[in-house]
Structures are given as C-alpha cells and as structure tokens.
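Quick notes on the structure that follows.
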Amino acid sequence: MPIPTPTPVSATALRRAALVAAACQQMEQAEPTPSLADLAAHAGLSTFHFHRVFKAETGLTPKAYANAARARRLRDELGDAGSITEALYGAGFQSSSRFYEASERLLGMRARAYRDGGADAEIRFAVGQCSLGAILVAQSAKGICAILLGEDPEALVRQLQDLFHKARLVGGDAGFEHLMAQVVGFVEAPALGLQLPLDIRGTAFQERVWQALHSIPPGSTASYAEIAERIGAPTAARAVAQACGANRIAVAIPCHRVVRRDGDLSGYRWGVERKRELLGREAVPS
DNA sequence: GGTTCTCTGCCGC
DNA sequence: GCGGCAGAGAACC
C-alpha cells in the first residue's frame, strides 16, 4: 500500500485562496461590478499581481468571472417571474440598451424567450440498456443535455427530473429511438466519436474544464492537475475534480479519462467499474 | 473616434 | 512572491 500523498497547503496558498474567494463574493454582490483596481485594493495587491493570482486560482480573469456572475444573476432574476425590466436592473445592468445588446450573448437567446421557458422548455428523453447497464439519453432544443448511466432506469429518470426540474420532460417518440441507438453505439465504442450537438450547461469554470477534457484523445488519460494546468489554473486540481463529478453528459464529455496522477482511477460519478470498463475499451490494442 | 479598462509577456527586486 | 511597464485589444462613451 503506497503512502497516501500528503497535500501540502502553504500559508500563502491559503491566503491567496481566501483573497480570491473574497473577490468573487464582492463581484457577486457589489453593485455595480467592482473594477479590477477596486478588487486589487481590497486584496491589498497591485492590479497586476491580483489579476495573475485570480486567474491562477480560478482559471478565469476577474472580468470573465464578473460576466459569468452577471449572467447567472440575470438567469435567476428572469426565473423569478417579474418583468424583464426588473430583471435587467436586478442583474446589475445600467441601462436597457446595454442589456439587450449583451443579453442574447449571455443567455444564448432573447430574454423573453428565456423567461418564457426557452432553455427549460421541453426535454425529450428515453431510457435503454447498454453493456454498462441502464442508460438515459435526454435532448433539448439545443442538443443532447444529459447522458446518465446506472443500474435502475427509474432512478435515472428521477435524476433527470432533479437536474432539469423546471423542464417539461417528454418520453421519447419513435424518432428518438434512432438517437438512442446512436448514443448507445457511441458508448460501446467511444473512439468512434459522437457527431451530435451537445447542450452543455455549467458555470464558466465547469465549461472550461469540460472543454479541456475534449483535448484528451481516446485511449489516453490525464490527471486532474494536468487539466488544471491546461486551463490556466494550476492550483485548481480539486475544483477540476468537482467539475468532472458535475458532468451530466457521460462519455461524450470524457471525464472518465481523468485519473489520479499515480494512475489510480480515482472516482467516477457513474461508478468506478464503468470508468475502468470505458478506459479498457478505449485502450488501443497494439 | 477618443478614452479608459483589461490582459499578458517580460523583467526587476 | 510581488510590483511594474509596455503594448495590444476590448469595452465604453
């Protein structure tokens, strides 16, 4: 049994993490969004250095984080019924013209469409069987929004309901069988790739991690720390692991290719045995 | 279209 | 580890 690797956490690392956390909170709450100089002054660092520390910890620049925070607030505000005008001021926009300019980019659709249920309008799904057990495939208007694996089909449907509790879930029709067949085929042989659009929904950080996972070719693996480095947040290995665990599109977002640095498979949201099986399948027979 | 802010590469202490 | 400049680019007015 190897000695468990100690995780050295220096005092400065803790302080940096605390500073960044405080800055994040400031951006979530302050109105209007604090400038880089404000944040740096608050942290007691120069703007230059603060910027670097923030990016190293989070993988995002302060500006990008602030934008993501504002987008999230906008979603919440629009979700709480009210008028669009109320929502845009609630989300920290100064004027309606700036809002309409930015909101489409932020939401991926018109604000009204979002408020009226756009993103969560209708999700079609079906449950089937594959060599890994039960599989649930769900699709929104934008693409595949979930691939769940497990033992019990009913449990998978409950998971889907939890993930998209605002959506109208519709059992798959005949056309869906074709999609299901495609996905199952892909799970049986992931190296073939899945040529279908994905509807990826996560925080800015999660989406960066998931994006980075696509750069791990089938048949190989990467460590959590390597992914953290790849997205420019070398100290965020734990956060990377959490983002992998939050992935709801199994196999297509290949979080099974992320393992511990010492080669240990670590965990897998869908069960470590499935991870082992998938990696075995992808291993190139020489 | 000018100004201000953000971001990064590079260097110095 | 931290500060700072230069210069490019984006955002803002």
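Remember, predicted model here, so these are calculated numbers, not experimental data.
- Residues A:E188 and A:S131 bring a donor and an acceptor atom of their side chains to less than 3.5 Å of each other.
- Pairs passing the side chain to side chain donor-acceptor pair (under 3.5 Å) check and including a residue from residues 209-219 of chain A, sequence neighbours excluded, read A:S215-A:R230.
- Going from atom CG of A:N67 over to atom C1' of C:dC12 covers 13 Å, rounded to whole Å.
- Residues passing the side-chain contact (heavy atoms from CB on, under 4.5 Å) test with A:P153 are A:V127, A:Q129, A:A134, sequence neighbours excluded.
- For A:S266, there are no side-chain hydrogen bond (donor to acceptor under 3.5 Å, both in side chains) partners two or more places apart in sequence or in a different chain.
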Under 4.0 Å protein heavy-atom contacts per nucleotide of nucleotides 7-13 of chain B, with B for base, S for backbone only and - for none | SBBB---
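- For the salt bridge (charged side-chain N to carboxylate O under 4.0 Å, His left out) condition, no pair includes a residue of residues 204-226 of chain A, sequence neighbours left out.
- Over its length, the helix from B:dG1-C:dC13 to B:dC13-C:dG1 turns its helix axis by 20°, as judged from the five terminal pairs at each end, rounded to 10°.
- For the pair A:H49 NE2 and C:dG1 P, the computed distance is 7 Å after rounding to whole Å.
- A:A18 pairs by the side-chain contact (heavy atoms from CB on, under 4.5 Å) definition with nothing, not counting sequence neighbours.
- Under the side-chain contact (heavy atoms from CB on, under 4.5 Å) criterion, A:Q25 pairs with A:Q29, not counting sequence neighbours.
- Considering only residues two or more places apart in sequence or on other chains, A:H42 meets the side-chain contact (heavy atoms from CB on, under 4.5 Å) condition with A:Q26.
- The ring-ring contact (aromatic ring centres under 6.0 Å, His included) check on A:F50 picks up A:F54, with sequence neighbours excluded.
- Under the side-chain hydrogen bond (donor to acceptor under 3.5 Å, both in side chains) criterion, A:Q242 pairs with no residue, sequence neighbours left out.
- A heavy atom lying under 4.0 Å from DNA chain C marks the following residues of residues 38-47 of chain A, by number: A:L45, A:S46.
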